> 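This structure is in structure tokens; I'll ask about it shortly.
Note that the structure is a prediction, hence the values are computed from the model and not measured.
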Amino acid sequence: MKKTAVVTAGTGGIGLETALGLAAAGFAVTVVGRDAGRGAGAVERINAAGPAHPARFLPADLASLDQVRALARTIADDHAASGEPLTVLVNNVGAMFAERQTRGGVEASFVVNHLSPYLLTELLLPTLTAGAPSRIVNVTSGAVTVAKRVFDAVEPPGGYYGFHWYGRAKLANLAYTLDLADRLDGTGVSVFAADPGGAATDMTDGTMTDPKIVSPALRLLWPLVRRTFERSTSGPASAAARPSLTAATDETLTGRTGIVIGAQAHPVAPHRAAADPRVAEAVRRLSERHAPLAPA
């Protein structure tokens, strides 16, 4: 049966490399992104490699939950009409902001890095379940280690520091990923997290060189942190896509779920806070409040 995959933020960087790898593995790939020009370029590049199935592009600004809902409807309707399963969903979207921003009145980092993939996944669960065996891959980050672990509200107390808030949103998404794996156990839908490690991408260019994105305590060490970061981001996006591709396609993972694939494309232990059921419950309540499955 035809294998299909959806890759969000798939028009460049790690997402495009993930899409290229999935297409080479025989998947019919849909890439999602904001820019139609970049989308056309991504599809052209994927199809130039002569995949078994042509790629396609769907436009959506994943910082808008209304557009996430519309995207989910389009994907679900397309699969219902064609009768083809949705085999893999890769939530690759991510963003870090040097200054505090909002989307729909909600802090932007939390929207893009957690609420958006959470909502798309939840809305596509009936389609993924109908297409089982299927896989969900949520891209995580080592930045979860610097995150505040309180999720009573979208915005934690204290000043805005983009790297920490990015890490907190990624921690929320990782906790959701592990919780979802437990919830879907036995349904044929496997759930994984993939940590790409360091890679030079559009998101890291510029943002990570600004010391204001970290707290004053870490700022004192920023020259050392920055040099370490620059060394770790010297690799290509194609290498950083390996964990996502492993999570999406590795046959040794068949029937398994709730696993974090680390930067070396091997299973690793999840960050301790992400496996805390109290964190998962707080994230669940916060997600349901700010990203209801049906708009108010």
> Look up atom CG in Asp78 and atom CZ in Arg73, then write down how far apart they are to the nearest 0.5 Å.
12.5 Å
> Do Thr30 and Arg56 meet the criterion of a side-chain donor-acceptor pair at a distance under 3.5 Å?
yes
> Starting at CG of Leu123, measure out to OG1 of Thr121 and round the result to the nearest 0.5 Å.
9.0 Å
> Checking Asn113 against Ser109: is there a side-chain donor and acceptor pair closer than 3.5 Å?
yes
> Using 4.0 Å as the upper bound for N to carboxylate O, is an ion pair formed by Glu17 and Arg45?
yes
> Quick one: sort the Tyr176 and Tyr118 rings into parallel, tilted or perpendicular, breaks at 30° and 60°.
perpendicular
> Hey, does Thr254 have a side-chain heavy atom less than 4.5 Å from the side chain of Arg135?
yes
> What orientation do His164 and Tyr161 show, parallel under 30°, tilted 30 to 60°, or perpendicular over 60°?
perpendicular
> Can a donor-acceptor pair be found between the side chains of Tyr160 and Gln101 at a distance below 3.5 Å?
no
> Any side-chain donor paired with an acceptor under 3.5 Å for His271 and Thr145?
no
> For Thr252 and Asp250, which I'm curious about, is there any donor-acceptor pair between the side chains at under 3.5 Å?
yes
> Under 3.5 Å, is there a donor on one side chain and an acceptor on the other for Thr140 and Asp195?
no
> Locate the shortest heavy-atom distance separating Arg242 from Ala265; write the atom from each residue and the value.
NH2-CB, 3.7 Å
